[in-house]
Amino acid sequence: MIILAIESSCDETSCAIVKDGTEVLSNSVSSQIDIHKEYGGVFPEVASRLHVENINIVIKDALDKASVSLGDIDAIAVTQGPGLVGSLHIGVMAAKTLAWSLGIPLIPVQHIAGHIYANKLVGKLEFPLLALVISGGHTELVYMKEDYVFDVIGKTQDDAVGEANDKVGRLLGLPYPGGPVVDKMAQAGKPHYKLPKVKTENPLDFSFSGLKSAVRQTMIREEKEGKEIVVEDMCYAFQHAAVDTLMERVHLALNQYPVKTFVLAGGVAANSEVRKRVQNLKEVHKDLNILQPPLWACMDQAAMIGLAGQVAFDKGYRAGCEMSALSNNPLPTY
Ligand code: KG4
Ligand code: ZN
């Protein structure tokens, strides 16, 4: 079965061709990041207009690279949400038009499910599974007893970890998006600044806004004392505090739930410290199957929507011409 998948939830316009739910024949991505950099963040109106300009180009490119034609496609998968509603609508409209004109099924895919199923690129997902979802918009621990049934057992009470990374980057005068730059700087930093430990009422929940404020307070204090901020060391302190918080919750969840596979998902899954610490889980949880997507698949792209789309299709998910984008689209729970 060949699926043409479309993703346009934020600032990447992407189309992929995925065969039998495992083989990515092509994955074409048009990133708008250089344009949004000028605004210091994603400008939703601009993002929607750029999706309109790029959507047909990535669809044609994905078909060409996979050496398939529209007649070879068996179903269309598309991100329904969550995301920026204006951005989502462009992908949804393109997908509906293709499915309707080709007379083939349309599969609605939840964006976070896509990030989780990106791990099919590197191994088999055996259930029960625990996913640490870390992106610009989400920070969640997701427990799955079976395919495409999701139970959110912990979530952030304020900022997502990627968002906190980007805000700390801005505080330190680093370019947008701050996450990858903070990560790079942290690797050159030393333990120097101390940031407080984050506490939450539900031990599996997360909180990052206090950590971001602590960075700001430390900067103000140091500047008052006439000391120059060592950016690398501040990045080191923030990165280690943030990853400590993430890993503490992962350890707790692994002790509470019978997990066979642990997966990383979302843009922050590209973080060097997270990836290192996740590998270390093996020391305590010897039989755990640990998967992390390749770096290219951590970011938003349509290959993951095709991989998740096949599972959703097998589970009976279908949409009709009335399908609409959903900016707050929860993970399916049944
Ligand atoms: O999943 P994603 O591409 O978009 C959303 O669905 O949100 O994630 C983007 C987020 C941004 O906040 C970006 O700064 C962060 O992922 N990010 C990183 C790294 N690479 C991307 N954060 C920390 N370390 C990285 N290496
Ligand atoms: Zn994403």
Side-chain angles (χ1 to χ4, degrees), residues 5-12 14 16 18 21 42 77-85 87-88 91-92 95 107-122 125 127-165 179 204-206 208 246 249-250 253 259 261-271 274 278 291-293 296-313 315 317 319 325-334:
I6 294 175
E7 152 68 36
S8 69
S9 65
C10 191
D11 60 339
E12 262 94 26
S14 180
V18 177
V42 177
V78 65
T79 305
Q80 183 172 27
L84 299 170
V85 77
S87 290
L88 288 163
V92 167
I107 314 162
V109 179
Q110 209 275 3
H111 179 79
I112 300 298
H115 276 300
I116 293 173
Y117 280 96
N119 285 286
K120 277 175 88 178
L121 289 163
V122 287
L125 307 190
F127 298 93
L129 175 150
L130 179 71
L132 175 64
V133 178
I134 39 179
S135 75
H138 293 82
T139 302
E140 287 168 1
L141 273 170
V142 180
Y143 182 67
M144 297 170 70
K145 276 197 201 145
E146 57 176 283
D147 253 335
Y148 228 76
V149 180
F150 307 86
D151 185 9
V152 178
I153 57 169
K155 60 179 185 304
T156 184
Q157 294 171 343
D158 39 62
D159 291 353
V161 65
E163 186 184 358
N165 261 280
L204 293 180
D205 278 348
F206 305 89
F208 291 101
L246 295 173
R249 273 71 176 166
V250 168
V259 177
T261 310
F262 173 81
V263 307
L264 270 183
V268 187
N271 183 270
V274 174
V278 160
L291 305 176
Q292 35 194 18
W296 68 265
C298 293
M299 61 181 258
D300 290 346
Q301 29 69 33
M304 68 184 194
I305 302 304
L307 295 169
Q310 179 72 61
V311 183
F313 179 84
K315 285 265 172 176
Y317 283 84
L326 300 171
S327 58
N328 294 310
N329 188 24
L331 279 161
T333 51
Y334 54 88

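What you are looking at is a predicted structure, and each value in this text was computed from that prediction instead of being measured.
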Heavy-atom pair with the smallest gap, counting every atom of [X] and [Y]:
| X | Y | result |
| --- | --- | --- |
| Leu204 | Ala253 | CD2-N, 3.8 Å |
| Ala160 | Gly137 | CB-C, 3.6 Å |
| Ala312 | Ile107 | CB-CG2, 3.8 Å |
| Asp158 | Phe208 | OD1-N, 2.8 Å |
| Met144 | Phe127 | O-CD2, 3.5 Å |

Mind checking whether [X] and [Y] have side chains closer than 4.5 Å, heavy atoms only?
| X | Y | result |
| --- | --- | --- |
| Tyr148 | Val109 | yes |
| Tyr117 | Asp147 | yes |
| Lys120 | Leu125 | yes |
| Gln310 | Val18 | no |
| Leu132 | Phe262 | yes |
| Val149 | Thr333 | no |
| Pro330 | Gln110 | no |
| Val311 | Tyr317 | no |

Greater than 12 external heavy atoms within 6.0 Å of Lys145's NZ: no
Donor-acceptor contact present, side-chain [X] to main-chain [Y], <3.5 Å:
| X | Y | value |
| --- | --- | --- |
| Glu140 | Val142 | no |
| Ser87 | Cys10 | yes |
| Asn119 | Leu264 | yes |
| Ser135 | Gly266 | no |
| Asp205 | Gly154 | no |

With Gln80 via side chain to side chain donor-acceptor pair (under 3.5 Å) - residues at least two apart: none
Residue from Thr139, Asn271, Thr156 passing side chain to side chain contact (heavy atoms under 4.5 Å, CB included) with Ile134: Thr139
Name each donor-acceptor pair under 3.5 Å that joins a side chain in residues 296-309 to protein atoms two or more places apart or in another chain, with its distance.
from   : atom 1 : to     : atom 2 : distance (Å)
Asp300 : OD1    : His111 : NE2    : 3.2
Asp300 : OD1    : His115 : NE2    : 3.0
Gln301 : OE1    : Ala303 : N      : 3.1
Gln301 : OE1    : Met304 : N      : 3.0
Gln301 : NE2    : Ala297 : O      : 2.9
Gln301 : NE2    : Met299 : O      : 3.1

Partner residues of Leu88 under the side chain to side chain contact (heavy atoms under 4.5 Å, CB included) criterion, sequence neighbours left out: Ser9, Thr79, Ala325
Distance (rounded to the nearest 0.5 Å) between Phe206 CZ and Lys155 NZ: 11.0 Å
Rounded distance (nearest 0.5 Å) linking atom CZ of Phe150 with atom CD1 of Ile112: 10.0 Å
